[in-house]
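Atom set for the values below is all heavy atoms of this structure, side chains included, hydrogens, waters and symmetry mates excluded. Convention: sequence-line order gives letters A, B, ...; per-chain numbering from 1.
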Protein chains: 2
Amino acid sequence: MEEKRTYPQGIKWTRQRKDVYDVLESASEPLSAVQIYNHIEKHPAEGNYAISTIYRILTTFEEQGMITKTTWLGDDSCVYELKRNSHTHYAVCLSCHKRIPLHDCPFEHMHDQSHEEEELQAGGFTVTGHKLELYGYCSTCNFHKA
Amino acid sequence: MEEKRTYPQGIKWTRQRKDVYDVLESASEPLSAVQIYNHIEKHPAEGNYAISTIYRILTTFEEQGMITKTTWLGDDSCVYELKRNSHTHYAVCLSCHKRIPLHDCPFEHMHDQSHEEEELQAGGFTVTGHKLELYGYCSTCNFHKA
DNA sequence: ATGCAAATGCAACTCATTTGCATCTAGTTT
DNA sequence: AAACTAGATGCAAATGAGTTGCATTTGCAT
């Protein structure tokens, strides 16, 4: 049942940290601290969890550069996801907040023709990533408006 | 002193709403409800303001499609800005949260070659806008890291 | 000028996130 | 393997952005 796993180095790997890491690793989209908390509560391996611990762990992971913290457009709470080699952008419905994943990152086709990044680099800014969201109205909400 | 101004139609234009609108119009970047509140408090034209009124007004403006509500990457509170004919994207420093405005929108050069938008439209989704942020580390924070 | 639906001020409330502090534990040292 | 300790956790109370109920006020249409 218990698998032997290896975790990134550099920090103390407590049971709680492993659990949070595992949840993030198996997640297919960014999760909020509360979602992670609930996810772990469903598999009460042992002992209690404090929601504050989840927040502290997420802060630590972020400082380690292991995860990314963002928010959904139109939503208030923060969501976290493991840094992976690929990323996904979404189209967000301004009315019902449904999110539709985009097939690929439009940004990748244009790195060469954008002078923006060059200019930033020239100014000493190191670009490590980007965040892109399209927004508008989904088919359902379009329909109900008419 | 008092200028005669015209405001968009469709809603009741109270003193408070005019004040919020004026602040947003003269702002060069998105502002939070609290920033707007403080801005107005500095010019105590008459009477008191309730922060809740600011929030309600901003919600109304958003429903009217007059303003856009977003958040800064890495920050928690919401910021609002008047919808104008042009928009600005930023590069955000993950360390000190400094924001560097980009000269133009990289997205505009690529509308034609992206299939994403077409696919969304085909699925009934109406794209009305987008949000883009680059992130990384500014020259100062790069320096202090080394 | 009058009347009323809509807007505001105020205070209490929600909910995500943070913090102080006593206790516990991973990982190292002996 | 037991001891040690810096750092991690649980708990409960605090914070801060944003919301809501309700009595009062005010645009603006008549």
Let me know the distance between [atom1] of [X] and [atom2] of [N], rounded to the nearest Å.
{"X": "Ile36(A)", "N": "dT9(D)", "atom1": "CD1", "atom2": "P", "answer": "14 Å"}
{"X": "Arg17(B)", "N": "dT25(D)", "atom1": "CZ", "atom2": "P", "answer": "19 Å"}
{"X": "Tyr7(B)", "N": "dA7(C)", "atom1": "OH", "atom2": "C1'", "answer": "17 Å"}
{"X": "Leu58(B)", "N": "dT20(D)", "atom1": "CG", "atom2": "P", "answer": "15 Å"}
{"X": "Gln9(A)", "N": "dT28(C)", "atom1": "CD", "atom2": "C1'", "answer": "15 Å"}
{"X": "Lys12(B)", "N": "dT25(D)", "atom1": "NZ", "atom2": "P", "answer": "15 Å"}
{"X": "Asp75(A)", "N": "dA16(C)", "atom1": "CG", "atom2": "C1'", "answer": "11 Å"}
{"X": "Asn38(A)", "N": "dA16(C)", "atom1": "CG", "atom2": "C1'", "answer": "13 Å"}

Rounded distance [0.5 Å steps], CG in Asp76(B) versus OG in Ser77(A)
11.5 Å

Paired nucleotide for dA14(D) [Watson-Crick or G-U wobble; both distances under 3.5 Å]:
dT17(C)

Using purine N1 to pyrimidine N3 plus N6-O4 or O6-N4 for Watson-Crick, or N1-O2 and O6-N3 for G-U wobble, each under 3.5 Å, what pairs with dC22(D)?
dG9(C)

Does [X] make a side-chain N or O approach to OP1 or OP2 of [N] shorter than 4.0 Å?
{"X": "Asn48(A)", "N": "dT9(D)", "value": "no"}
{"X": "Tyr55(B)", "N": "dG18(D)", "value": "yes"}
{"X": "Gln16(A)", "N": "dT25(C)", "value": "no"}
{"X": "Arg15(B)", "N": "dT26(D)", "value": "no"}

His103(B) vs Glu119(A), side chain to side chain donor-acceptor pair (under 3.5 Å): CA-CA, chis, key distance, verdict
CA-CA 9 Å; His103(B) 297 316; Glu119(A) 283 188 39; 2.8 Å; yes

Check if the side chain of Arg56(A) and the base of dG7(D) share a donor-acceptor pair of N or O atoms closer than 3.5 Å.
no

Under 3.5 Å donor-acceptor pair, Ser77(A) side-chain atoms to dC15(C) base atoms:
no

Both Thr14(B) and Asp76(B) contact DNA chain D. Which one's nearest nucleotide lies toward the 5' end?
Asp76(B)

Quick check: on DNA chain D, is the nucleotide nearest Thr60(A) upstream (toward 5') of the one nearest Cys78(B), or the reverse? Name the residue that is more 5'.
Thr60(A)

Side-chain contact, heavy-atom cut-off 4.5 Å: Val23(B) with Leu31(B)?
yes

Whichever of Ser52(A) and Ile51(B) has the more 5' nearest nucleotide on DNA chain C, that residue is Ile51(B)

Whichever of Trp13(A) and Ala33(A) has the more 5' nearest nucleotide on DNA chain C, that residue is Ala33(A)

Just checking Trp13(A) against Phe61(A), ring centres under 6.0 Å apart?
yes

Ion pair check, Glu133(B) and Arg99(B), cut-off under 4.0 Å:
no

